[in-house]
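A, B, ... follow the sequence lines: proteins, then strands. Residue 1 opens every chain.
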Amino acid sequence: MHTALEKAIELIASGDAELLNILNVTAIMTLSSSVIALLIGVPLGVFLGASQFPGRKALIVINRTLMGMPPVVCGLIFYILFSGVGPFRATHLLFTVRIMIIAQVVLITPIVAGTMESYVEGIRFSVRETAKGLGISRIKSFFLLCNECVYQVFSSYLLGFSRSIAEVGCVAMVGGAISWKTNVMTTAIMEYTNKGSFSIGIALGIILLSIALLINILLSIIQRRASR
Amino acid sequence: MIISGFTKTYDGRCVLDFPRMEISDGSICSVVGTNGSGKTTMAKILAGIEKPDSGIRPVELNAGYMPQRSFAFRMSVLKNIMLNGDDSERAKLLYEKMGLTALLNKNAKNLSGGETARMALCRLLMKDYDLLILDEPTAAMDIEATTESETLIKEYRDKTGCTVFIVSHSLQQAKRISDEVLFLHEGRPAERCRTEGLNAPKTEEFRRFLEFYGV
Ligand SMILES: Nc1ncnc2c1ncn2[C@@H]1O[C@H](COP(=O)(O)OP(=O)(O)OP(=O)(O)O)[C@@H](O)[C@H]1O
Ligand SMILES: [Mg+2]
């Protein structure tokens, strides 16, 4: 155990090539999927939270269900759709980083949208009542509502980001955890632990935890800024 | 001004049944009543925030409304005030009167309850309305701010000639500021009188209500 930890630190310090590749694939996947989820999820969440139309409640319930979807189920669906028997087999996307990104977008967008929606839902009546009471135009009052959401956008994004980087079931299924190609931090930890070589697993674990720590520090800074 | 009759139903329960009513233009009317008697509902409907059952707003006037719980937008106090008009002279008169000068650059989200209410009143009074509806504007304010608010409201009325409704739990305030008093009881205007007539209630409910205040 002691030597495994030592070796892990050595791996990080020496910039081991495979370790760097894993980090690179992870960064591409996580940043892409979380940014796409942000671009879709924020407008969707604000729309769901601020609008009024029949079927809105149903959409919110569906979205909340998707928020809690087990990643392996998402992986399974994409696996079936893109595997040799699925309708999208011709795309040859299975076991690529692209399909991992797409599957993660499906997984994360509901989280971004859902947290935005519940935040907007919480303030929409007060904002509307106050703006309308002043006689402020609808458009301006919508911008005021958006302005209230700025910090929530950051924390929703970070939530999506950390879900993406920590998630293993879905990316393992659709990515296949192929070394030098689709192996990300979480899947690599599984793989190397199964092979009995703990050091690279520990090295990745240390990096993952550091990123989680960083995200939480960022979140708390944002929360502090928001209340100032 | 004329308020056409309307009703308001929440979850199958009629919480407000308001008859047609005439109010003389430019008067200040205090709306009093127990918790849940329908004051806020009435204020929201007159202001056009909520629709009555018929869907038609009972008054056709350009109304300004201050909610029972004021909302501070995520920006400085000054920006909050200037949201409702760009006349900085007018803003200055208002915020100086309401003692907000030292707080102008502060994030409005961090104001205390009473400070938020003072800011909300300044913000509202930045524009000229034909009808002003204030839902317990001074409930969170200290005595000094309350007095200043009352002065401001009266000056505003004198200047613009608008009609004012003030929901209030203070009969003292009603006496100080209003020309008449409207008493809501279980969703109906049970009694309406000139402020001078407060010591001669006509209905039993109003008499009991006044008794609690020791009038
Ligand atoms: N959105 C709503 N949904 C359901 N019931 C409501 C709603 N708003 C108000 N009510 C009900 O309508 C009644 C009148 O409420 P209202 O807020 O007008 O009272 P109020 O006179 O302003 O009371 P308070 O002195 O506490 O401010 C209450 O019984 C309340 O429960
Ligand atoms: Mg009320």
Is the distance between the ring centroids of A:Phe53 and A:Phe47 less than 6.0 Å?
yes

Side-chain ([X]) to main-chain ([Y]) donor-acceptor, under 3.5 angstrom:
| X | Y | result |
| --- | --- | --- |
| B:Arg74 | A:Asn147 | yes |
| B:Arg57 | B:Leu46 | yes |
| B:Tyr129 | B:Thr160 | no |

- Query: With side chains defined as the heavy atoms from C-beta onward, is the minimum distance between B:Leu125 and B:Asn84 less than 4.5 Å?
  - Reply: no

Just wondering, do B:Phe73 and A:Thr130 contact through their side chains at under 4.5 Å, heavy atoms?
yes

Measure [X] against the heavy atoms of chain A and call it side chain, backbone, both or neither at under 4.5 Å.
| X | result |
| --- | --- |
| B:Lys44 | side chain |
| B:Ile133 | neither |
| B:Arg69 | backbone |
| B:Ala63 | backbone |
| B:Met66 | neither |
| B:Ala72 | backbone |

Highest number of heavy-atom pairs under 4.5 Å with chain B among A:Ile136, A:Val150, A:Leu144, A:Ile123 belongs to A:Leu144

